[in-house]
Amino acid sequence: MLIHNADIAEIFNEIADLLEIQGENPFRVRAYRNAARSVSESSKNVRTMIAEGADLKTIPAIGDDLALKIREIVATGSCPLLASLRAQLPSAVVALLRVPGLGPKRVRQLYEQLHVQSLEQLEQAAAEGRIHTLRGFGPLTEAHILANLRGRLDKSHRYQFAQASQRAEALLVWLAALPDVERVEAAGSLRRLRDTVGDIDILVTSREPAAVTQRFVAYDDVSAVLARGPTRASVALRGGLQVDLRVVEPECYGAALTYFTGSKAHNVALRRLGQELGLKVNEYGVFRGKTCIAGETEESVYASVGLPWIAPELREDRGEIEAARVAALPTLVTRSDLRGDLHTHTLASDGRASLCEMALAARERGLSYLAVTDHSKRLAMTHGLDATRLAAQIGEIDQLNAQLTGITLLKGIEVDILEDGRLDLPNAVLARLDLVIGAIHSHFDLPRERQTERILRALDHPSMTMLAHPSGRLIGSREPSDIDMLRVIRKARERGCFLELNAQPERLDLTDTVCRMAKDHGVLVSINSDAHSVAQLDNLRYGVNQARRGWLEKADVLNARSLAQLRPLLARTMRSRVREASESP
DNA sequence: GCCGTTTTCGGCCCGACTGTTTTCAGTCG
């Protein structure tokens, strides 16, 4: 079995869960969790590192012991520590940790005293009234457990950013209408613009916190009040989405916003930095002894630990603090940097607007070029184009370009990458286009090696310009395909191809960490709406969010180039195509 | 178990709320 970083992370996380349930030293537990996160976010594949003789301890949070364990796992496919932990405690119990209200201590009690080791057994025990007999549990806790199980609530469930964002907006308006509210803002992963959010965090400044929490729990969409104190409250909205509210005095705004924006790992790093300077950082401010020295603005909080303000999108403890320290933070790309959109559909396949309507809508949105990239024939259900219809569309676009001002249509195709890596249309017609986007729409579950080879072969096609939504994931409904993205990125670099960051809110594919990997390898990313209608051109903003999380700057983004700058980049790949086409007929 | 411009040992971020307790452990963010 070939071990990848994700496998290592999974093993370390399970070890952490099992150690925690066993009541192990919490710092040891955290060491495993930190290591899991670090390995899964690392752009370096541990198997490759070992093969190349690189030092695993260069990965943050990996020391002598864990480096050894990683080597062992890669060599043998298994981890003796995990095996021995599983022998003491069935690994199924870790599922109990996902139930709201259950942590390691209670899970251990449930297992040891009631022999509960699955969600089904937990529900049965709760229904039979056996849980409230345990010390530390009571009838309320038992009732909550049962309600959470029956409501299928799960601490780890995450929602698409766009959906959570819309619900947050409405709630912010509701809160802002209260006169006692001074400022109200979404924080947490929403403010960090993560592609998925687990819950909504809202920060309010007010002199009357009780009035704020009262209005909060009275919101029409609230289905349950989970907790409610004087400055903090949590509710579940209909459908299960949790919202946490925190109310602070205006003087604490910056400190509270920093704290509530997170991420947790970023906060921990920030507080540690404060500690080294003899400061205490919390949600009320930055303190030297009992004296508050900062906290009204985020800038003041960062300045107190010697840093410039860091954009929320970067706050993941992925090197942003080190970069801030040496004034090397990226200047992140913005929506207004985008000059065009390189992936859109029209009525010719499964789009809902005509060529002309799409062109005018793009112009209205400040874009100066738009690539028309309908599907190819293999996607029959989308009425994909064959060579003849594509040739006809090329003619239409030429005609339209002659009439339009302020916007230029580029001729393209979203061509299917077949199971064996060939493309769905002959090169004769592909070579006439301005760009060719290759995409996978079938066989998402090939083994990693075959899936990767399939993509590498497609990238080797003489007409290939760009790889669309590489992982194929649909947030909440389809898992990403198993692909060695490092090899894909290296091939793209070698071929002069580009990677798409698909901006549809359910795709957001590339992920943030892969964006950063592309940047590190000098592969330009194109932020594409994949619009199937005029309105979906606005998806670009979600793509920009994701790009910012991936540290992308204007220079890293293909479609932040003007048309004049873009054409030679596309033509450069074109020249190599022509040369190769003549070499190999 | 990691880590080090004080440290190779002794630290490891900080606080709110709940439910179950008679003063606080557990969970969560």
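Letters go in sequence order (proteins before strands), and every chain restarts at 1. Here the structure is a predicted model, which is why all the values come from computation and not from measurement.
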How far does the P atom of B:dT21 sit from the matching atom of B:dG15, given to the nearest Å? 28 Å
Take atom OH of A:Tyr284 and atom C1' of B:dG29, then tell me their distance rounded to the nearest Å. 13 Å
Rounded to whole Å, the CG-P distance (A:Leu140 to B:dT21) equals 11 Å
Donor-acceptor side-chain pairing of A:Glu128 and A:Gln124 below 3.5 angstrom: yes
Phosphate OP1/OP2 of B:dG15: any A:Lys280 side-chain N/O under 4.0 Å: yes
Given the C1' atoms of B:dC17 and B:dT23, what is the spacing between them in whole Å? 16 Å
Test item: A:Gln121 and A:His115 side chains (from C-beta on) under 4.5 Å apart, heavy atoms: no
Nearest whole angstrom, please: distance from the P of B:dC3 to the OH of A:Tyr32. 13 Å
For A:Arg30 and for A:Gln242, find the nucleotide of DNA chain B with the closest heavy atom, then tell me which residue's nucleotide is more 5'. A:Arg30
Between B:dA25 atom C1' and A:Arg108 atom CZ, what is the distance in whole Å? 15 Å
Parallel, tilted or perpendicular: which fits the ring planes of A:Tyr32 and A:Phe12, with parallel below 30° and perpendicular above 60°? perpendicular
Under a 3.5 Å cut-off for both contacts, is B:dT8 paired Watson-Crick or G-U wobble with anything, and if yes, with which nucleotide? none
Taking N and O atoms by type only, does the side chain of A:Asp199 place a donor or acceptor under 3.5 Å from a partner on the base of B:dG29? no
Has A:Arg194 got its NZ or CZ under 6.0 Å from the middle of the six-membered ring of A:Phe161, at an angle within 45 degrees of the ring axis? no
Looking only at atom P, what distance separates B:dT20 and B:dA16, rounded to whole Å? 22 Å
Taking NE2 from A:His266 and P from B:dG29, how many angstroms apart are they, rounded to a whole number? 19 Å
Whole-Å distance, A:Asp317 CG to B:dC12 P, equals 18 Å
What is the distance, to the nearest angstrom, from the CG atom on A:Asp65 to the P atom on B:dG1? 4 Å
Taking 4.0 angstrom as the limit, do A:Asp180 and A:Arg207 come out as a salt bridge? no
In whole angstrom, what separates A:Leu134's CG from B:dT21's P? 11 Å
